[in-house]
S.K.: 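The structure's right below; bear with me while I get my questions together.
The residues of the chain are indexed from 1 along the displayed sequence. Just follow the structure's listing: the first ligand is 1, and inside any ligand the first atom is 1.
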Amino acid sequence: MSSGRIGVFDSGVGGLSIAGRLMTEAPHLAIHYYGDTAHVPYGERPAAEVTHLVETIVEHLVESGASAVVMACNTSNALALERVRSWCPVPVVGIIDPAAEAAVLRTRNGRIGLIANPLTARSGAYEKSCRTALGRLNFGINVLPVGCPKLVPLIESGQVATREARETLWEYLAPLQMEQIDTLILGCTHFPFLRPLIQELLGPDVEIIDPASYVLQELVRLGVTSTPALPHLVEVSGDSEEFGRVGSRLLSRNLNGVRHTHLKRFARLAV
Ligand code: DGL
């Protein structure tokens with residue numbers, strides 16, 4: 001069963017913002033992507049359900065031979081990273097700490113905006129990581145979280161440059177602009193697909209932090225590799241054709257042969 005790929009997962013197409021970067025920046029790495037499209041969005045589910053979904057997916061990736069697992073989902077990080085690390089036999093790469101650290105280092109006025117789904121925004125995970133990153137630095141920071149429930153469904157349907165996407169984004173970004181943030185964390189892996197629109201709406205002076213930027217260096221630091229010359233494998237719990245169509249468009253690369261794989265342990269969840 002050993003496939004020797006790097007496992008990467010999310011509730012849907014969002015984690016492709018990380019998987020796609022790895023495919024481009026480290027073409028020697030083979031990726032096993034799992035998109036839990038049968039249960040997207042995670043952001044409005046009870047925390048215990050999300051934890052169950054996450055543990056089921058990580059088990060599947062490990063049983064399939066993953067040499068490491070990248071939690072390409074902020075909600076999973078916020079709710080289940082430590083728990084999964086406590087039993088997972090391979091390294092589990094998180095994305096919140098490096099992004100929080102980058103935000104703390106880059107902000108000039110200490111006002112950091114966070115856009116995320118409601119569950120991540122409420123969790124306080126980014127605030128906690130920013131405080132840890134600050135350590136003994138004597139520098140006041142203010143993290144301003146905004147829960148954005150309408151964005152994930154838009155991106156799942158491939159809408160990243162429509163008028164509706166722009167208007168919805170502005171609803172969430174306008175209050176942050178009023179607060180004079182100078183740094184914005186994309187606290188949901190779906191949101192990098194809206195990055196051009198976000199930068200245009202906030203203007204060039206606001207620095208955007210995308211957690212995807214730090215994943216490869218973390219894999220390198222951990223010395224994680226994958227079996228050479230293995231093809232990527234993409235699985236979803238929902239509609240595989242739809243995922244292939246939307247994912248290929250978002251990544252501007254052909255996601256061939258997306259498979260539908262239902263995980264039996266999901267059944268313990270009353271959907
Ligand atoms: N893309 C995920 C995240 O980073 C989950 C979005 C969702 O399903 O609500 O949090």
Side-chain angles (χ1 to χ4, degrees), residues 7-22 33-58 69-81 84 92-100 102-103 113-129 145-160 165 168-169 172 184-195 198 208-215 218 234 236-239 242-243 246-247 250-251 266 269 271:
V8 181
F9 74 92
D10 179 43
S11 60
V13 293
L16 290 178
S17 64
I18 289 180
R21 250 177 120 130
L22 292 176
Y33 188 84
Y34 194 91
D36 189 11
T37 49
H39 302 109
V40 69
Y42 280 2
E44 290 176 86
R45 287 183 178 273
E49 270 186 28
V50 174
T51 303
H52 170 68
L53 294 168
V54 168
E55 294 200 280
T56 302
I57 296 166
V58 176
V69 173
V70 178
M71 276 200 180
C73 169
N74 291 267
T75 321
S76 310
N77 280 247
L79 301 176
L81 179 64
V84 169
V92 182
V93 174
I95 54 175
I96 291 185
D97 283 347
L114 167 71
I115 51 171
N117 68 30
L119 203 47
T120 307
R122 274 200 313 270
S123 72
Y126 269 100
E127 289 86 330
K128 191 168 159 231
S129 289
V146 176
C148 313
K150 295 184 200 158
L151 293 180
V152 169
L154 275 176
I155 299 159
E156 283 292 316
S157 65
Q159 290 198 54
V160 291
T168 310
L169 253 180
Y172 300 128
L184 177 73
I185 299 172
L186 304 183
C188 172
T189 52
H190 282 73
F191 299 171
F193 294 117
L194 295 170
R195 186 173 178 152
I198 295 172
I208 294 178
I209 306 288
D210 175 1
S213 316
Y214 312 100
V215 172
E218 190 57 11
V234 181
V236 293
S237 52
D239 184 336
E242 169 76 356
F243 189 91
V246 174
L250 291 174
L251 287 185
F266 278 154
L269 179 79
V271 191

S.K.: Quick check: do Y172 and P149 have side-chain heavy atoms less than 4.5 Å from each other?
M.R.: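 Touching, per the 4.5 Å side-chain cut-off.
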
S.K.: Rounded at 0.5 Å granularity, tell me how far CD1 in I115 sits from CG in L186.
M.R.: 5.5 Å

S.K.: Give the contacting part of T189 toward ligand 1: side chain, backbone, both or neither, where contact means a heavy-atom distance below 4.0 Å.
M.R.: both

S.K.: Flag the pair F191 / V152 as yes when at least one side-chain heavy-atom distance between them is below 4.5 Å, and no otherwise.
M.R.: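 Yes. Closest side-chain heavy atoms under 4.5 Å.
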
S.K.: Looking only at protein heavy atoms, identify the closest one to atom 5 (C) of ligand 1 and say how far it is in Å.
M.R.: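 Scanning the protein heavy atoms, the shortest distance from atom 5 (C) of ligand 1 goes to S11 OG, 3.4 Å.
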
S.K.: Please state which protein non-hydrogen atom is closest to atom 2 (C) of ligand 1 and give its distance, to 0.1 Å?
M.R.: D10 OD1, 3.0 Å

S.K.: Among L79, L16, N117, whose heavy atom sits nearest atom 9 (O) of ligand 1?
M.R.: N117

S.K.: Please report which non-hydrogen protein atom sits nearest to atom 3 (C) of ligand 1, along with the residue it belongs to and the distance in Å to one decimal place.
M.R.: N74 N, 3.2 Å

S.K.: First locate atom OH of Y42, then atom CG of D10, and finally report the distance between them rounded to the nearest 0.5 Å.
M.R.: 7.5 Å

S.K.: What atoms in ligand 1 come closer than 4.0 Å to a heavy atom of V40?
M.R.: 8 (O)

S.K.: Under 30°, 30 to 60°, or over 60°: which ring-plane class applies to F266 and H39, parallel, tilted or perpendicular?
M.R.: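 The arrangement is perpendicular - the two ring planes meet at more than 60°.
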
S.K.: If the contact criterion is a heavy-atom separation under 4.0 Å, does C73 count as touching ligand 1?
M.R.: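 A heavy atom of C73 does come that close to ligand 1.
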
S.K.: With a 3.5 Å cut-off and no angle check, do the side chains of N74 and Y126 form a donor-acceptor pair?
M.R.: yes

S.K.: Can you tell me which residue and heavy atom of the protein come closest to atom 10 (O) of ligand 1, and the distance to 0.1 Å?
M.R.: T75 OG1, 2.7 Å

